[in-house]
Structures are given as structure tokens and as C-alpha cells.
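Notes to accompany the following structure.
We number each residue from 1, following the sequence as shown. Computed from heavy atoms alone, side chains included, the values below leave out hydrogens, waters and symmetry copies.
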Amino acid sequence: MKHAAQVIAVAAAAILALFGAAFGRDELFQAHAWILFFVLALAGYLLLQRKTSEDAALIPLKDGEGGATAYMDGPIRYGAVATMFWGIVGFLVGVVIAVQLAWPQFNFEPYLNFGRLRPLHTSAVIFAFGGNALLCTSFWVVQRTCRQRLFGGDLVWFVFWGYQLFIVLAATGYLLGVTQSKEYAEPEWYVDLWLTIVWVAYLVVFFGTLLTRREPHIYVANWFYLSFIITIAMLHVVNNLAIPVSLLGSKSYSAFAGVQDALTQWWYGHNAVGFFLTAGFLGMMYYFMPKQAERPVYSYRLSIVHFWSLIFLYIWAGPHHLHYTALPDWAQTLGMVFSIMLWMPSWGGMINGLMTLAGAWDKVRTDPLIRMMVIALAFYGMSTFEGPMMSIKTVNSLSHYTDWTIGHVHSGALGWVGMISFAAIYFLVPRLWGRRRLYSLRMVNWHFWLATLGIVVYAAVMWVSGITQGLMWREYDAEGFLVYSFAETVAAMHPYYALRVFGGLLYLLGALIMAYNLYQTIRGRERQERPLVTTATAAQPAE
């Protein structure tokens, strides 16, 4: 029987989950154990149905090489599909919680209220959509740039499916109320342990492929991917150090307390942004931008300077989340100073990406994938200017705790992370399934404009609402009393929250168009359509 070892392992894990459901110390742990049991039972059934473990349509390293040395693209195919699926889930939940803020009657207790759906949205977009995009693109890039098959054989399948299991456990935990209430680190201790195991396996696969490479040079994209993997492992382990109340219970207590806990959390939280949402996706940019533009990286030396300065400075910037708190003033200032210095290496990466198009700027007019990459870099540059500016104490005194921060985060997440991921998946899917081209380039163009307009609407209204909030909160009358009550500031936000729903809907609609486009591409269909730019309508040089 094929997959015997995997089936036995899944069956053993399902039995352990059943014991957890039977003997759990609290109802939440029992409910989570039942969910795990049914997920593992389904996984065991699907494994029994699989007829082969071979990769379909193995792609050789180069002409004359194949067989055991062929690239392992099966997990990348699954990763591309998972990226699209979780992206739509995350964007949909984001629209739902935006509706709940604008019209509170759409909060449904107890499982579908804003408090439980909000971490589901953030984790789905960051870790499910973004994480799967990083997994599948890193596996593609490291094989091609090292001319080597992924290290570890079926270990890569464990990484992929283990990561999907983490996503399911985390998401269902949020809805049930199983959370340790840490921003971007909500899952409880047993889910954190599972992710640690999966992440170590990911490091083994990636680093093992680098060590066994056939290409002597390590391309810079792999530097960014490797720094993201190693640093996230360190951040995850330290921030989630906790003592469980019981090995069969959902509750645990952090190893840190008070201001130390806050500092550790935001050392983690800001660097989750810095390494998960910045370094990893810069690795993506450094591979897919030159490939799609068919141009070399503008300055390889700048990419190395960009890498080392970015990873050194980013790790110190977390305290800027704790201005005007009990954190010592020198630590707040340290975080502010390093945040301001981050502006330079961040813009170095943006300039390097944009200048890669030197001599090929005409492709922005004709290639919607290049257009997506350019807008992604534009939002990256804007966000990495806005972030250091918001870390300055005087600016932060107005912006902190307001919707301005929400606008800043989403311009980076949807503009930078979303757009570069969309472009990378559009690049990969025809090649992974051996198709000549995407089903429709015009649909990519529609996706580009819907997503761009959605981000602009979303970010702009959040900037206005955030500054409005900050000014209303600090408005005093002649006698020193606050002019506005908190309820009045909330009421003033309603039109902006309604517009945010509209922006989110546009972004979601673009993602749905992309999903249909990729589905038809995988099926091997090609839409008959006019080119985006024809010879007759193309701009002509001045006479």
C-alpha cells in the first residue's frame, strides 16, 4: 500500500486527538481536539485514495537532465492554489468585519462577532495567504537558482500540509475563543508547538537545498528568504514562551509579564511585519521582477547592501509601538531612531526594483504583471516612508490608536504584499501546469485596476478618519474639558467605515476574478481577446 507510513502517522495523530477530546480539561480544548480529529480523519481518507506520490509533469533542471534530479513542483502547485484560496477567505472576512464596524447589528454572538473575526482576518491574510505565497515561491526560487531538487524528499509535503493544519487550528481557535490575546500571535501553546515543528522542517528543506546546490553562487533572493525563515523562528519561539495550565487544557500563561511582556510582544510584532511581510516578499521581488521584465537586477551590489542594512536595523524598531507607555523612555527613543534609519535601506530596495525596469519601461503599458509589480513597489516605498514618520513621537501622539495606523498597515499589506504575491502567482501558474499563457490578460488588467482602486479608497479614508479621531480626542475647551465624548468620535467615523467596506469589496472582487482566471488557466483554456495595446493604438515617437 502506497503512503503506508503517512497513513499510520495520521491515524496515530487522530487517535491522540480523540484522547484529547475525551480527556480534555476544558470544553475549548475538547472542541479543538474534535476539530483536529475530523481533519486528520479526512486527511487519512484522502491519503488512502491517492494512487501515486510521483510529481506530475516533472520539469528537468535543464536539457538532458531529468528523472531523480527533476524539480519538485507538486507542493508548489498545491501552494499556489492554497495561496489563492486563503487569500479570498482573508479578504472576505476583512469585508465582513468592516461591515460590522460600520453597522454593528451584523455582529453575531458568540462565534461571529468582531472580536473573534478580526484576528481570523489578520491571520488569514498574513499567515495563510502571505505564508502560502512565501512557501510556494521560495520552493520555486531556491530550486531554480540553485539548480537542485528540494532537499528532504517528502519532507516538503509535511511542511505544506503541516502548515495548512496550523492555519485550520489557528482559525478555528479564534472562532471558539482559544487565544492568548497577543497581536499576530493569538494561537495557544499547543498550536504554537506544532508550528515550531513545521517551521524547523521548512528550514531543513530550504537550507538543505542551499547546501546541496549545483550553482556556486547564492542568489540574493535566497538571502532574503533564509533571513525570513530563521528570524521568524527566533521571534516565534521567544514571544510564545509560556507555561500551560495543563497538558490537556487550552490555557497557558506567558513567561513574561508587565512591560517586559509588552516589549517582547512588539519586538515580535514589528519584526513579524519586518521579516514575514518585508524580507520574504523582497526575496519574491528580487526573483520575479527581473524574470518578468527579462532584465538583470539594476544593482546587485545595492541588493546586498540593502539586505544587510535592512535585517540589522529592523530588529531594533519594535519599541516604537510603545510610545507614551511604561516602557523606559530610552527604549522608546531607540525604537524611534532605528525606525527612521530604516527609511534608507527600505527605499534602496524599492529603487533597485524600479530601476530594474531601466530600458524596459514600455512593458508597464503592455504587461499587467509588470504593472502589478511596479504598484507593489510604489506601495512598499510609501509604507516604508510612512512607517518611520509615524514612529516619531510627536507624530505618534496623534496617530497611535487611530485608524491612521489601520490605513498604514493595509497600504502595506494589500498594496505591497498583496500585489507582489498576485504577480508571482500569475507568473507561476502557467509554468507549473505547462500552459502557454494565462487564460486572460485582460482579466489581469481588470484585477489590477480593481485592487489598486480598492487600496487607494481604503487607505485614503482611513487616513482621514484616523487624523479626525486623533484631533477629536485631543480637542479641549477653554476650561480644559474634552470637547467630544468617545461616542461622538465613533459616530463621526461612520461614513469613513462605510467607504472602507466599498474599498474592501473592490479588492475582494479583483481576487475573485483572479481565482477564475487561474482556474481556467489550469484547465488549459485560453480566452480569445484583443491585445491590451495594439500597434494601431500604441504611442508613436514625436516627429
Side-chain angles (χ1 to χ4, degrees), residues 9-44 86 89-90 92-94 96-97 100 104 106-129 131 161-199 235-257 261-262 264-265 268-269 272:
V10 170
I15 292 171
L16 288 175
L18 200 56
F19 274 105
F23 300 108
R25 298 293 296 274
D26 57 75
E27 291 182 357
L28 292 177
F29 188 87
Q30 291 175 338
H32 228 174
W34 275 116
I35 292 170
L36 177 59
F37 170 76
F38 286 116
V39 168
L40 292 171
L42 176 63
W86 289 119
V89 170
L92 176 61
V93 177
V96 170
I97 62 174
Q100 290 177 333
F106 289 100
N107 281 265
F108 300 107
E109 300 294 343
Y111 302 114
L112 298 178
N113 59 31
F114 178 84
R116 297 193 181 187
L117 288 180
R118 189 266 177 182
L120 177 63
H121 162 63
T122 54
S123 289
V125 172
I126 297 171
F127 299 115
F129 168 67
W161 288 114
Y163 195 72
Q164 308 314 305
L165 179 58
F166 156 72
I167 293 168
V168 171
L169 290 175
T172 54
Y174 302 151
L175 297 180
L176 290 170
V178 181
T179 173
Q180 61 178 349
S181 302
K182 289 190 171 188
E183 184 76 357
Y184 310 133
E186 288 91 349
E188 268 289 1
W189 65 274
Y190 51 95
V191 182
D192 289 332
L193 280 176
W194 175 248
L195 178 59
T196 303
I197 295 168
V198 172
W199 208 258
L235 297 167
H236 171 76
V237 169
V238 175
N239 188 53
N240 289 293
L241 289 173
I243 301 173
V245 174
S246 168
L247 294 179
L248 291 174
S250 61
K251 181 62 181 171
S252 67
Y253 288 96
S254 174
F256 308 100
D261 188 39
T264 305
Q265 159 59 30
Y268 163 89

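Counting only distance, with no hydrogens or angles, the side chain of Trp189 and the backbone of Gly249 share a donor-acceptor pair below 3.5 Å. Between the side chain of His236 and the backbone N or O of Asp192, at least one donor-acceptor pair lies under 3.5 Å. Counting only distance, with no hydrogens or angles, the side chain of Gln30 and the backbone of Gly24 share a donor-acceptor pair below 3.5 Å. Between the side chain of Glu188 and the main chain of Lys251, no donor-acceptor pair closer than 3.5 Å is present. Side-chain N or O atoms of Asp26 include one that pairs as donor or acceptor with a backbone N or O of Ser250 at under 3.5 Å. With Asn113 contributing its side chain and Arg116 its backbone, the two residues share a donor-acceptor pair below 3.5 Å. Formation of a donor-acceptor pair under 3.5 Å by the Glu186 side chain with backbone atoms of Gly173 is not found in this model. Listed for the Gln180 side chain is no donor-acceptor partner under 3.5 Å among the backbone atoms of Tyr253.
The cationic atom of Lys182 (NZ for Lys, CZ for Arg) does not lie both less than 6.0 Å from the six-membered ring centre of Tyr184 and within 45° of the ring axis.
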Audit row: Trp86, Ile167, side-chain contact (heavy atoms from CB on, under 4.5 Å) steps and yes/no: CA-CA 9 Å; Trp86 289 119; Ile167 293 168; 3.6 Å; yes
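Side-chain contact between Leu165 and Leu36 is present, with at least one heavy-atom pair separated by less than 4.5 Å. Side-chain contact check for Leu18 versus Phe23: every heavy-atom pair is 4.5 Å or farther apart. When side chains are defined from C-beta on, Val96 does not count as touching His121, because their heavy atoms never get closer than 4.5 Å. Looking only at side-chain heavy atoms (C-beta outward), Val198 and Phe166 stay at 4.5 Å or farther from each other. Between Thr172 and His32, some side-chain heavy-atom pair lies under the 4.5 Å cut-off. Side-chain contact between Pro104 and Phe114 is absent, with no heavy atoms from C-beta onward closer than 4.5 Å.
Side-chain N/O atoms of Thr264 and Asn239 include no donor and acceptor closer than 3.5 Å. With hydrogens and angles left out, the side-chain atoms of Thr179 and Tyr174 include no donor and acceptor closer than 3.5 Å.
The aromatic ring centroids of Phe29 and Tyr190 lie less than 6.0 Å from each other.
The shortest non-hydrogen separation linking Thr196 to Val237 is CG2-CG2, 4.3 Å. Considering all non-hydrogen atoms of both residues, Leu241 and Phe256 come closest at CD1-CZ, 4.2 Å. Nearest heavy-atom pair, Ala124 versus Gly90, reported as atom, atom and distance to 0.1 Å: CB-CA, 3.6 Å. For the pair Ser254 and Asp261, the tightest heavy-atom approach, listed with the atom from each and the gap, is OG-OD1, 3.3 Å. Here the closest non-hydrogen pair linking Leu117 and Ile97 is CB-CG2, 3.4 Å. Contact detail for Ala17 and Leu40: the closest heavy-atom pair is CB-CD1, 4.5 Å.
Aromatic ring orientation, Tyr163 versus Trp199: tilted (interplanar angle from 30° to 60°). The aromatic rings of Phe37 and Trp34 stand perpendicular to each other, their planes meeting at an angle above 60°, with 30° marking the opposite boundary.
From Leu120, atom CG reaches atom CG of Leu175 across 5.5 Å, with rounding to the nearest 0.5 Å. Here the CD1-CG distance, from Ile35 to Leu169, works out to 8.0 Å after rounding to the nearest 0.5 Å.
Taking a 6.0 Å sphere around CD of Glu109, one finds it holds more than 12 heavy atoms contributed by other residues, nucleotides or ligands.
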